[in-house]
**Q** 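Before I ask anything, let me first share the structure, which is written out below as structure tokens.
FYI, side chains are in, hydrogens and waters are out, and symmetry mates aren't considered; it's all heavy atoms of this structure. Note that ligands are numbered from 1 as they come in the structure, with each ligand's atoms numbered from 1 the same way. These figures come from a predicted structure and were not determined experimentally.
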Amino acid sequence: MRFDLISIFPKYFDALGLSLMGKAVDSGHVDIGIHDLRDWTTDRHRTVDDTPYGGGAGMVMRADVWGRAIDAVLRAEGRRVLAIPTPSGRVLTQQRVRSLIDADQIVFACGRYEGIDARVAEHYGQTDIEVFEYSIGDYVLNGGEAAALVLVEAVARLRDGFMSNPESLVEESFEGNVLEYPAYTRPPVWESLRVPEVLTGGNHAEIAIWRRQRALERTARRRPDLIPTIEPGTLSTLDREVLAAHGWVAGADSKWKRVTIRPARIDEAAALSELAATTFPDACPPEVGPEAQAEHIAQNLNERAVRQWIESDNHRVLVADIEGSLMAYTMIVLYADGEYPDDVPEKHIAPAPTYVSKCYTSADYRGSGLSGAIFEAALVDAVPHSHGTQFVLGTNRANRRARDFYRRHGFKKSGRRVFWVGDVRNEDVVMIRPISEIANA
Ligand code: JBZ
């Protein structure tokens, strides 16, 4: 591949003789020509610019000088691109860089002053030469040279023989539209900062999960613009939970939306009661008939009951708010010393349990990661209000999905209990998780 760079400051490109670019040139993989625009001037003062037609500040670079220079360096055949760095160009992306890898020649016209006479781009656009007017971002430069160096490096590194380790090409930022995870090396403590313990523990599955979580977290925090470009179908459940915890969720329609997980407000009792009523039947075991379900909803999930949870000091209620609608909720009961939930046998649990009474998600957001995100948020939220040492919950024995979900979130079976919906007897398992696992995290 041949690059020709034309500028009034050709020394600017001395850097291309260094490092990997220098090696690629020496090995013949890349061929570079650097040219002084003034070589194509015709007057004694070697003038390259003139005042703008129509008036205004600054000077414009002359089309005739540029035309002679470009014609002189253009090769006779192949795929030829005229790249013009300009603040009014299309913003460079990795996709646009990739589209240039099979060009035979890229000629860079690096302007200074207020830019190059617009007829240069227009003229070459009327030939078989591809004109690519581009910007490297929304900040102010004095000329196109720095932007040309950027594109030369971005294209050249994608070509064969440029890098010894082409694996590092695929794993980097912007391939997959997720940012890179943070990297660490020796020393293990620097300026009193420790390398995260998981990285020195040698558990490679755990390391992979941790890195993926950090990568997604960084992407959500630093580059929220990238999230809508991620295909939800390419993400694991854990990936979705991490993104949901950082405010992004894709529901049944696969469109990314912002989600806020926060304590329920008192003015939301009616909306929350409605969500509770619609989600309860989804999770109900099949033996519980519709009448018993309706009775349970009317008795326990009415607006007044829900308002009492929200107002109570020993209940914690979190909701997931997606564009103003409540799509998931959790309700935790905080038991004081000597108190136990009526429906959990004391022998299975430690005193003063933090009891996860409810965790429900709208069917539209099943599998979206929202449940995992609100569940973990509920545990974190409850820690400073807890009196004992254990999170406790009960779930139907036959509900494999729920049991697997709680197991994934650190809960282990500690025993069984009986749970009545109306007069239907349900066998539940009691599951527990030490509060210290969250408090120490
Ligand atoms: C660029 C006229 O030459 C310029 C001036 C500023 C400038 C470029 C070319 S390209 N800024 C950018 O990509 O931000």
**Q** Could you tell me which atoms of ligand 1, counted from 1 in the order shown, lie closer than 4.0 angstrom to a heavy atom of Y139?
**A**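 Selected atoms, number and element: 14 (O).
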**Q** Looking only at distances, please establish whether an N/O atom of ligand 1 is found under 3.5 Å from an N/O atom of G111.
**A**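 Among all N and O atoms of G111, at least one is under 3.5 Å from an N or O of ligand 1.
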**Q** Donor-acceptor pair, distance only, cut-off 3.5 Å: does the side chain of R79 make one with the backbone of D104?
**A**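 Looks like no, no N/O pair under 3.5 Å.
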**Q** Considering only protein heavy atoms, which is closest to atom 8 (C) of ligand 1, and at what distance to one decimal place?
**A**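 Of the protein heavy atoms, P87 CD, 3.5 Å lies nearest.
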**Q** Is there a donor-acceptor pair under 3.5 Å between the side chain of S386 and the backbone N or O of G388?
**A**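 No, S386 side chain to G388 backbone: no donor-acceptor pair under 3.5 Å.
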**Q** Looking only at protein heavy atoms, identify the closest one to atom 1 (C) of ligand 1 and say how far it is in Å.
**A**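 The closest one turns out to be L141 CD1, 3.6 Å.
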**Q** I need the atoms of ligand 1 closer than 4.0 Å to a non-hydrogen atom of G115, numbered in the order shown.
**A**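 Those of ligand 1 that fall under 4.0 Å from G115 are 2 (C).
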**Q** On the ring face of W40, is R38 found with NZ or CZ under 6.0 Å from the centre and within 45° of the axis?
**A**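 Judged by the rule, R38 and W40 form no cation-pi pair.
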**Q** Taking distance alone, with N or O pairs closer than 3.5 Å, would you say I136 contacts ligand 1?
**A**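 For ligand 1, there is an N or O atom that lies under 3.5 Å from one belonging to I136.
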**Q** What are the two closest non-hydrogen atoms of V259 and W248, and how far apart are they?
**A**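 Result for this residue pair: CG1-N, 3.8 Å.
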**Q** Tell me the protein heavy atom at minimum distance from atom 10 (S) of ligand 1, and give that distance in Å.
**A**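 The protein heavy atom lying closest is T86 N, 3.5 Å.
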**Q** Among S312, S357, C359, find the one that has a side-chain contact (heavy atoms from CB on, under 4.5 Å) with M331.
**A**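 Answer after filtering S312, S357, C359: S357.
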**Q** Has ligand 1 got any nitrogen or oxygen that is less than 3.5 angstrom from a nitrogen or oxygen of S135?
**A**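 N/O-N/O distance below 3.5 Å exists for this pair.
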**Q** For D117, is there any backbone N or O sitting under 3.5 Å from a side-chain donor or acceptor partner on R62?
**A**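 Not at all, since once roles are kept as given, no pair shorter than 3.5 Å links the two residues.
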**Q** Nearest non-hydrogen contact with atom 14 (O) of ligand 1 belongs to which option: G144, A148, G137, G58?
**A**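 Of the listed residues, G137 has the closest heavy atom.
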